[in-house]
S.K.: 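Structure incoming, see below.
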Amino acid sequence: MAMNTEIIELNEQNIDIEKLKRAAQIIRDLGTVVLPTETVYGLGANALSSEAVLKIFMAKGRPADNPLIVHVCSADMMSNLLHEPLDMRAKILIDTFWPGPLTLIFKRSELVPLEVCANLDTVAIRMPDHPIALKLIELAKVPIAAPSANVSGKPSPTMAKHVISDMDGRVDMIIEADRSRIGVESTVLDITSEVAVILRPGGITLNQLQEVLGKEGVVIDEMIEGEADKPRSPGMKYTHYAPNATMQIVRGDRNDIIRYIQSKIQSTANASTSVGVLCSDETKSHYRGACVLSIGSVHRLDQGASNLFAVLREFDQMGVDIIFAEAFAEDEMGLALMNRMKKAAGFNIVDV
Ligand code: AMP
Ligand code: MG
C-alpha cells in the first residue's frame, strides 16, 4: 500500500531548521527520510533500530543480505558501534577524508542491528560532506543508515526528480535539494586487515588513498572486475545501476569503437528498436541514427562519473531498447565510472 510521503525542499546554503527538525523527528520515530548527500541521495532511517532499518529494505526492495552504510556527523558518534578503539591508520584516514565520500569497514560492536550489517561481524561507516545530511544526523541524535535512494537495481538518484520518481509513496519524507555534487557513491575501504582493500571504487580515488597509506598499503579487490567467484562485499554480487535497456560496453581504440558502434546502429535500429549511444563530448558528433548522450569530456571523467546515473535514467525516459557505451580510461575517477558502467551492463563488454 502506498504511503503518504511528505516532500520538503531545502537550500543547503540557507537551511530551514524548523523543516529539518520535522525530518529529524521522523528519524527518531523510526520512520524513513530521503536525504541529499554529496555522493547520491540516500534513503535514511535510525541505524540503531532494526524496526526502522527494515523499512529501508522494504522501500527499496533491497535483498536482506546486502548491508547498509551508517552515516555519522562526528567520529564520537560511532565509538560505541565499534568493537575496538580507532587505531592510528583509521584516525589518519578519518582526519584526511571525512567528511567525504570514503566509507570505512570496521569490526563492529553488539549495538549494530544485524539488519544493518547483514549478519557480518563488521560495519560500514562514513561522514557525508553535505550540510543538510550532517545537520539532520545532528538533530536526530542517532547515526543514520542510508543506502542510495533508488529502487533496488536501478541507477542511483543524483537529482531530486529521480528520488521523487522512485520513492514517492514508499517513504515518510523526501528532502529535495540540489543535484549531488560527486554524483557517484563513496569508496568502500575495508580496514580490518593489514593491507586496506577497496571493495568499491568511488568518490575517493586509489591515488588519494595511496598518498596516505603508501603504495603497498592499499589494494583493489579483484571481485570489482566481476572475476572472483566469492564476493567479499555482499553488494558486489547484485545487478546494479541498470537502465531498462540492455547495455553493451565497447572497448578498444577510439576509431575502432566509433566504427563498431556506428555499424551496430545501422544493423540494429529500426521502427521497433531504438538504439542509444553513451559517449563523450569528443566523439558524439560521429554517430547518426541513434539517441546519443554524452557524459562530458574524456578529460573530465570526474564530471563524467557525476553525470552517468542521470544519463542512464535519460535513456530510460527516451524508451531506448539497447545502449552501446564507449569504454573510458580506468584511472582516477574513471575507475569508479567504469565500475558502475560495467555493472549497469551486467559485464557485457566487447573488445574491438
Ligand atoms: P549502497 O549504500 O546502496 O551504495 O551500498 C552500500 C555498499 O557498501 C554495498 O556495496 C555493501 O555491500 C557495502 N557494505 C556495507 N556494509 C559492509 C560491510 N560490513 N562489509 C563489506 N561491505 C559492506
Ligand atoms: Mg546503491
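Atoms within a ligand are numbered from 1 in the order they appear, just like the ligands themselves. Count residues from 1 along the sequence. Since we're looking at a predicted model, the values are computed, not measured.
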S.K.: Output yes when Arg340 and Glu185 qualify as a salt bridge under the 4.0 Å nitrogen-oxygen rule, no when they do not.
M.R.: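 Yes.
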
S.K.: Does Asp190 approach ligand 1 within less than 4.0 angstrom via side chain, backbone, both or neither, non-hydrogen atoms only?
M.R.: neither

S.K.: Below 4.5 Å, heavy atoms only, C-beta onward: do Ile295 and Leu278 meet side chain to side chain?
M.R.: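 Side chain of Ile295 against side chain of Leu278, heavy atoms only: contact under 4.5 Å found.
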
S.K.: Residue-level breakdown please: for Thr122 versus ligand 1, do any non-hydrogen atoms fall below 4.0 Å on the side chain, on the backbone, on both, or on neither?
M.R.: both

S.K.: Using a 4.0 Å heavy-atom cut-off, say whether Leu199 meets ligand 1 through its side chain, its backbone, both or neither.
M.R.: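 Side chain only.
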
S.K.: Salt-bridge test for Glu330 and Lys342: reply yes if a basic N is under 4.0 Å from a carboxylate O, no otherwise.
M.R.: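 Lys342 and Glu330: salt-bridged.
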
S.K.: Inspect the contact between Asp316 and Arg313 and indicate whether a charged nitrogen and a carboxylate oxygen are less than 4.0 angstrom apart.
M.R.: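 Salt bridge: no.
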
S.K.: Taking NZ, NE, NH1 and NH2 as the nitrogens, is one of them in Lys107 or Asp121 under 4.0 Å from a carboxylate oxygen of the other?
M.R.: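 So Lys107 does not pair with Asp121 through a salt bridge.
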
S.K.: Which atoms from ligand 1 have a heavy atom of Ser148 less than 4.0 Å away?
M.R.: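 Near Ser148, meaning under 4.0 Å from one of its heavy atoms, ligand 1 has 2 (O), 3 (O).
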
S.K.: State the atoms of ligand 1, each with its element, that fall below the 4.0 Å cut-off from a heavy-atom position in Asn66.
M.R.: 9 (C), 11 (C), 12 (O)

S.K.: Looking only at the side chains, is there a donor atom on one of Gln303 and Ser297 sitting less than 3.5 Å from an acceptor on the other?
M.R.: no

S.K.: Which of the numbered atoms in ligand 1 are under 4.0 angstrom from any heavy atom belonging to Leu120?
M.R.: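 Once the distances to Leu120 are compared, the set is 18 (C), 19 (N), 20 (N).
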
S.K.: Taking atom types as modelled, is there a side-chain donor on Asp190 or Thr192 under 3.5 Å from an acceptor on the other?
M.R.: yes

S.K.: May I ask you to list the atoms of ligand 1 that are less than 4.0 angstrom from any heavy atom of Arg200?
M.R.: 1 (P), 4 (O), 5 (O), 6 (C), 7 (C)

S.K.: If you measure from each non-hydrogen atom of Arg62 to ligand 1, which part falls under 4.0 Å: side chain, backbone, both or neither?
M.R.: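 The part of Arg62 near ligand 1 is the side chain, not the backbone.
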
S.K.: Provide the tally of protein N/O/S atoms nearer than 2.8 Å to the Mg ion (ligand 2).
M.R.: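 The number of such protein atoms is 1.
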
S.K.: Heavy-atom contacts with Ala124 under 4.0 Å: which atoms of ligand 1 show up? List them by number with element.
M.R.: 15 (C), 16 (N), 17 (C)

S.K.: Atom 2 (O) of ligand 1: which of Ser186, Ala118, Pro147 has the nearest heavy atom?
M.R.: Pro147

S.K.: Using only atom types and a distance under 3.5 Å, with no angle test, would you say the side chain of Ser50 pairs donor to acceptor with the backbone of Pro113?
M.R.: no

S.K.: Indicate yes or no: does an N/O atom of Glu185 lie under 3.5 Å from an N/O atom of ligand 1?
M.R.: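 It does not: no N or O of Glu185 is found under 3.5 Å from an N or O of ligand 1.
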
S.K.: Output yes when Arg254 and Glu326 qualify as a salt bridge under the 4.0 Å nitrogen-oxygen rule, no when they do not.
M.R.: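 No salt bridge links Arg254 with Glu326.
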
S.K.: Mind checking what makes salt bridge (Lys or Arg N to Asp or Glu O under 4.0 Å) contact with Asp351, not counting sequence neighbours?
M.R.: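 Applying salt bridge (Lys or Arg N to Asp or Glu O under 4.0 Å) to Asp351 gives Arg251.
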
S.K.: State plainly whether the residues Arg181 and Asp302 are in salt-bridge range, i.e. N to O under 4.0 Å.
M.R.: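 No, Arg181 and Asp302 are not salt-bridged.
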
S.K.: Look only at the side chain of Asp16 and the backbone of Glu18, and say whether a donor-acceptor pair between them is shorter than 3.5 Å.
M.R.: yes

S.K.: Assess Cys117 for proximity to ligand 1: is some non-hydrogen atom of it under 4.0 Å away?
M.R.: no

